[in-house]
Structure formats: C-alpha cells, structure tokens
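Data first, discussion second: the structure below is written as structure tokens.
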Amino acid sequence: MEFIEYPDGEMMMIQLANRLAGELRQVLSTHDHASFAVPGGTTPGPIFDNLCSANLDWARVHVMLTDERWVPETSERSNTRLLRQRLLTDRAAEAKYVPLYADAPTPEDKLADLQEALTPELPLSLVLLGMGADMHTASIFPGADQLDLALNGTDRLVAMRAPGAPEPRITLSAAVLKQAMSRHIVIIGAEKRAALERAATLTREEAPVAAVLPGSIVHWAES
C-alpha cells in the first residue's frame, strides 16, 4: 500500500482528479476503452467536479459505480443520481454509463443481468474507492449478510444487506476490486486515518477494506 498525504482536501481533490485523468489517458492509448469504477457518497464529489472537464476521449470511457443503493435514480439516496450531477457532465457526459441498478423489487431479481453487463468491463482499468469509519469499502460492510461471499467468493456482484443500511445494496466484490489495473482509495479526516491504520491489524471480516489495501494507493488529507 502506498500512502500519500496532502496539505488540504482541496489540493487532494484537484491533484487526484488530474492523476485519474492521466491514468485514463494512458489506458486509452493502448486499449479500445477504459473501465472506470467510482464510489458514491459525498467525499468524491469535488473529485468529480474537477475530473468531468478533463480533456480526454470520454466516449471510450465506461463509467460504473463500485456499489449502489437499491433505489431508483429519482431518490436522493441514489448514487447514480450523484454521478449524473457531478461526473457525467461537461466533457464526461460522453462517457458510457454501466448501471448497477435496474427497476425491480430486489437486487437479486436483476443480479444475473447486471453481472452479464459487467463482464465485458473486466478487469477494471481504474477503481476509485472510499472507506467508512467502520472500515467498509464499496458496500462490503462488517456484519453484512453476504460478507463472506463478497470477500472470498468469485461472484462479480453481490447483493448486500447490512446493519445500519436503510436499503439493500449491490456491490462489486473484493475479487473484482483486487483485479483492477489501478486502485485508489480516498479518505478525509483524522478518524478515517486512524481507522485505516487499525484495519491493517484486523481481519478482513472486521475491516473489509483490508481486502483491497495491498497494491492500493491511499490519498489522505486532514480536512
């Protein structure tokens, strides 16, 4: 694991967006397309704001979420909604979006179809992840009902229900995340830095982020 510390969050967001754009350009120089998985939540928003205007061939970039809440795009809790507002705009509006949600009562109803659509994108070219204070990443939560499958199975996508999560989730598995060509984790604040350091001493079941730390580049700013 490589750890990069930044003087402040604003600089981190700008520099990380530039780095991601550079890595996407590099992939596009040798591949037909680049597959790019990103998190939802509030942390990556400023990264997206900087990245969406990057001058690259976005039409050949296939964007997807690392995980999604099983809610329609009209919901304020939809990560897809955030992505369309913050990343899939400006020049990045030309990117192809690969959804992790379909109109059905439960993620299990559409899991096979979504996995099939994901297959041509693997291995992922580039992954950006976040981490919660509970040391979850994507929607691989400690105590979740399908935690073992998400950590140790070969399925590409896993339907997940976890304590404290108001709705079902669907998440890329650790197997998919670990096979990515490049993987970045972005965290902010002293609490999350302490959690990251603690994760290195715990099992993957206790700290799911530990499953993807080897080979990752972690970006941190205090605020």
Side-chain angles (χ1 to χ4, degrees), residues 1-2 20 23-24 27 31-41 44 61-70 79-80 83 96-102 106-132 134-163 165 168-187 195-196 198-219:
M1 180 189 80
E2 180 182 351
L20 295 172
E23 290 191 11
L24 287 170
V27 172
H31 295 75
D32 290 337
H33 76 275
S35 49
F36 180 32
V38 299
V61 178
H62 298 181
V63 175
M64 70 205 68
L65 286 158
T66 58
D67 59 308
E68 177 60 293
R69 298 160 175 149
W70 201 255
N79 286 334
T80 301
L83 217 57
K96 174 186 175 182
Y97 182 56
V98 182
L100 290 191
Y101 173 81
T106 72
E108 287 84 357
D109 295 323
K110 293 292 184 178
L111 197 58
D113 293 342
L114 293 170
Q115 287 203 100
E116 184 176 352
L118 178 64
T119 300
E121 309 301 335
L122 303 179
L124 296 172
S125 309
L126 180 58
V127 172
L128 177 65
L129 288 165
M131 184 199 73
D134 63 353
M135 296 168 286
H136 84 269
T137 193
S139 278
I140 309 177
F141 288 89
D145 60 344
Q146 299 286 345
L147 180 60
D148 182 66
L149 179 62
L151 287 174
N152 304 309
T154 58
D155 289 15
R156 300 179 290 281
L157 289 173
V158 179
M160 192 74 79
R161 292 164 180 81
R169 310 285 184 104
I170 191 163
T171 185
L172 298 178
S173 67
V176 166
L177 297 173
K178 288 189 291 187
Q179 289 167 4
M181 295 166 57
S182 179
R183 187 170 54 255
H184 298 266
I185 302 173
V186 59
I187 58 174
L196 181 78
R198 194 162 66 251
T201 69
L202 300 174
T203 67
R204 297 185 304 167
E205 287 73 22
E206 294 169 310
V209 72
V212 297
L213 285 179
S216 292
I217 302 169
V218 178
H219 305 261

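Note that this is a predicted model, so its numbers are computed, not measured. Residue numbers start at 1 and run along the sequence shown.
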For this session: Start with the C-alpha distance between L100 and W70, add both sets of side-chain angles, then the distance that settles side chain to side chain contact (heavy atoms under 4.5 Å, CB included), and finish with yes or no.
Result: CA-CA 9 Å; L100 290 191; W70 201 255; over 6 Å; no
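- Not a single donor-acceptor pair under 3.5 Å links the side chain of T171 to the backbone N or O of V158.
- For the atom pair CG of L128 and CD of E23, the computed distance is 10.5 Å after rounding to the nearest 0.5 Å.
- For R161, the salt bridge (Lys or Arg N to Asp or Glu O under 4.0 Å) partners are E108, not counting sequence neighbours.
- Contact annotation: the side chain of V176 never approaches that of V127 to less than 4.5 Å [non-hydrogen atoms, C-beta and beyond].
- Looking at Q179 and L122, their side chains never come closer than 4.5 Å, going by heavy atoms from C-beta outward.
- Nearest approach of S35 to P123, heavy atoms of both residues: OG-O, 3.6 Å.
- Among D67, L129, I185, the one residue that satisfies the side chain to side chain contact (heavy atoms under 4.5 Å, CB included) test with T137 is L129.
- Atoms CG and CE, from L149 and M160 in turn, are 7.5 Å apart once rounded to the nearest 0.5 Å.
- Considering CG of L126 and CZ of R183, their distance stands at 11.0 Å, rounded to 0.5 Å.
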Problem set entry | Stepwise side chain to side chain contact (heavy atoms under 4.5 Å, CB included) check, L172 with L118 | CA-CA 10 Å; L172 298 178; L118 178 64; 3.7 Å; yes
For this session: Determine, step by step, whether V27 and F36 satisfy the side chain to side chain contact (heavy atoms under 4.5 Å, CB included) criterion, reporting the C-alpha distance in whole Å, the side-chain angles of both residues, the deciding distance to 0.1 Å, and the verdict.
Result: CA-CA 10 Å; V27 172; F36 180 32; over 6 Å; no
